[in-house]
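One structure is given below, encoded as structure tokens.
Quick note: numbers below take in every heavy atom, side chains included, and nothing from hydrogens, waters or symmetry partners. Start at 1 with the first residue, then count along the sequence.
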Amino acid sequence: MGARPGSADPRGDTIVATATAPGRGALAVIRLSGPDALTIARRCGTPWPDAPRQATRVRVHAADRPDTPLDDALVTWFAAPRSFTGEDVVEWTVHGGAYVPAAVVAALVAAGARPALAGEFTERAVRHGKLDLLRAEAIGDLIDARTAAAHRTALRQLDGALSRRLATLREAVVGAEALIAYDLDFPSEDDGPLDPARVLAAVDETVAAIDTLLATLPQAALGRDGVTVVLAGAPNAGKSSLFNALLGEARALVSEVPGTTRDAIEVLLDDDPWPIRLVDTAGLRASEDRVERLGIEVSHRRLAEAQVVLVCGEDDDALARASDAVRAHSSAALLQVRTKCDQARSGDVADPSMAGGEPIAANATSDGEMATPIAVSAVTGAGLVALRAALRALVRATSPDPAESSAVVTRARHVAALTTARDELAAFRAVWAAGELPAPVAATHLRAATLALDELIGAVDIEAVLDRVFRSFCIGK
Ligand SMILES: Nc1nc2c(ncn2[C@@H]2O[C@H](COP(=O)(O)OP(=O)(O)O)[C@@H](O)[C@H]2O)c(=O)[nH]1
Ligand SMILES: [Mg+2]
């Protein structure tokens, strides 16, 4: 993966990059960080402000052409170690666009700075102890967040929820190790010989806590990719129209990915507490994996990945047939939707509560399904609000509650380290319970578990993990 310049020396050289996204924009922020940041900045900014942490208007120019301004900038500088990176940092707010930021960066490079690598500012913050690795990752997640749920998870991690949970786990492992060490140093002191059950109980508790944490991984995926909601029903039931109507009504459309699959169109709608990945089975051909015989338009594959299926039909008969077909192939929660309710049909009983935003979620049966179909019209928009409310209630009932776990693991790196820690604890447990090996040998497993947790937090062996973590960051962060 290649060495990162400057990474060998924790003090590093002085780096510069535009922190804002490239392209046309009112303003751009350029960051300069490192031991020579102030010297370099003084060469390119006139008059230079004496006081740190005060936004000051400065003329920016090339070091050798002080009379040819590149821009009028607002400059704020921070003296080490009280800065994001822990080094001297200068932030230049200049005009945006293609030319000015590039010209200012070029001037700073000519004056002695080096263009920063992706994630290098945050990497330096970690090296200087301003952030642990988990919080640094959370900054990346915050920037990449597209949904309220991903944003919420990133903020919690940035606030240290996961770091604190891991610190507690680490303390428990170190505590168990200390019990053994104490017993070796002072055998039979005060309390008599160490009770092996006491060590086992501490280890078991920690293993259980790690398992709880590992079980939160699906939440990260849910926050990123959403709860999968699939539209199913006979051809012409009104699925695609409903799909579009729900899109039009949505507060925030996160992404539209048409043509990503041959058989479906899907969109990610942001919602609370989880985004919704709405899937419309588009144009299935008869030869394809249509849920046959009952003739509804949805593939087995789509049904298999659905958490919720919106079963669409124009009347009770169609709804019953479509529900049976779905039920036979899927364990997803079903929500029955009576489509085209603007069209009066003989035998229809007007039911204004269905269209008027009544608390329809109260109709949910104990297994989370809707007892009464929700009547909607893609043409008039009737019932769409109620449908969204019922869908939200169903998602809440069938998905994890985000409030329950503030610490959530989000990455394969987290899972790998926690699994290592867990395996080492299990190995310790086996050896300790058998009582065959001397205590110091058994304790090496506890050491290894602690090390895995330290690596996860970023407390040790920084070199090995930093490259992997920061490679995915953007320049200027
Ligand atoms: N009056 C009325 N017609 C609808 C409504 N929804 C769909 N349609 C019509 O029903 C037909 C089939 O709709 P479409 O959404 O393509 O159904 P799909 O095959 O299930 O995707 C089209 O002619 C639509 O214009 C509705 O809410 N009201
Ligand atoms: Mg369709």
Side-chain angles (χ1 to χ4, degrees), residues 147-153 216 218-219 221-233 237-239 241-254 266-280 298 302-303 305-313 316 319-320 322-323 326-327 330-339 341 351-378 380-405 408:
T147 66
H151 173 250
R152 178 179 61 225
T153 303
T216 63
Q219 291 201 27
L222 211 50
R224 258 191 321 266
D225 307 329
V227 176
T228 303
V229 177
V230 174
L231 289 155
K239 299 180 297 298
S241 305
L242 180 58
F243 179 88
N244 289 328
L246 284 170
L247 270 192
E249 184 258 357
R251 194 161 34 89
L253 172 63
V254 176
E266 56 183 64
V267 290
L268 192 63
L269 305 173
D270 201 4
D271 210 340
D272 182 42
W274 304 109
I276 289 171
R277 186 162 73 98
L278 190 64
V279 181
D280 180 26
V298 65
R302 292 292 166 181
L303 277 186
E305 61 190 35
Q307 274 132 297
V308 177
V309 176
L310 295 185
V311 179
C312 300
D316 291 347
L319 278 173
S323 297
V326 171
R327 190 42 75 235
S330 168
S331 55
L334 304 194
L335 192 52
Q336 294 197 338
V337 184
R338 193 158 68 69
T339 51
C341 74
D351 187 352
S353 73
M354 290 296 102
E358 283 281 300
I360 285 181
N363 290 354
T365 56
S366 56
D367 59 356
E369 292 184 21
M370 304 308 295
T372 317
I374 297 173
V376 303
S377 166
T380 66
L384 289 179
V385 172
L387 176 56
R388 281 298 288 264
L391 182 53
R392 192 170 299 145
L394 201 52
V395 166
R396 276 185 192 280
T398 55
S399 306
D401 177 3
E404 268 175 17
S405 44
V408 173

For Ser331, side chain to side chain contact (heavy atoms under 4.5 Å, CB included) partners two or more places apart = none

Output yes when a side-chain donor or acceptor of [X] lies under 3.5 Å from a complementary backbone atom of [Y], and no otherwise.
| X | Y | value |
| --- | --- | --- |
| Ser330 | Val326 | no |
| Trp274 | Gln219 | no |
| Thr339 | Cys312 | no |
| Arg152 | Gly223 | no |
| Lys239 | Gly233 | yes |

If you look at every heavy atom in [X] and [Y], which pair is closest and at what distance?
| X | Y | result |
| --- | --- | --- |
| Ser377 | Cys341 | N-SG, 3.6 Å |
| Ala232 | Val309 | CB-CG1, 3.8 Å |
| Ala386 | Ile374 | O-CD1, 4.3 Å |
| Leu334 | Ser323 | CD1-O, 4.1 Å |
| Ala322 | Val311 | CB-CG1, 3.5 Å |
| Pro273 | Ala149 | O-CB, 3.6 Å |

Only residue of Asp272, Asp270, Asp271 satisfying salt bridge (Lys or Arg N to Asp or Glu O under 4.0 Å) with Arg392 is Asp271

What's the verdict on side-chain contact (heavy atoms from CB on, under 4.5 Å) for Val337 and Leu319, showing C-alpha distance, side-chain angles and the deciding distance?
-> CA-CA 8 Å; Val337 184; Leu319 278 173; 5.7 Å; no

How about Ile276 and Leu246: do any of their side-chain heavy atoms sit closer than 4.5 Å?
-> no

How about Glu266 and Arg302: do any of their side-chain heavy atoms sit closer than 4.5 Å?
-> yes

Output the distance between atom [atom1] ([X]) and atom [atom2] ([Y]), rounded to the nearest 0.5 Å.
| X | Y | atom1 | atom2 | result |
| --- | --- | --- | --- | --- |
| Asp280 | Leu310 | CG | CG | 10.5 Å |
| Leu278 | Asn244 | CG | CG | 9.5 Å |
| Asp225 | Glu305 | CG | CD | 11.0 Å |
| Arg396 | Asp401 | CZ | CG | 8.0 Å |
| Arg338 | Leu387 | CZ | CG | 13.0 Å |

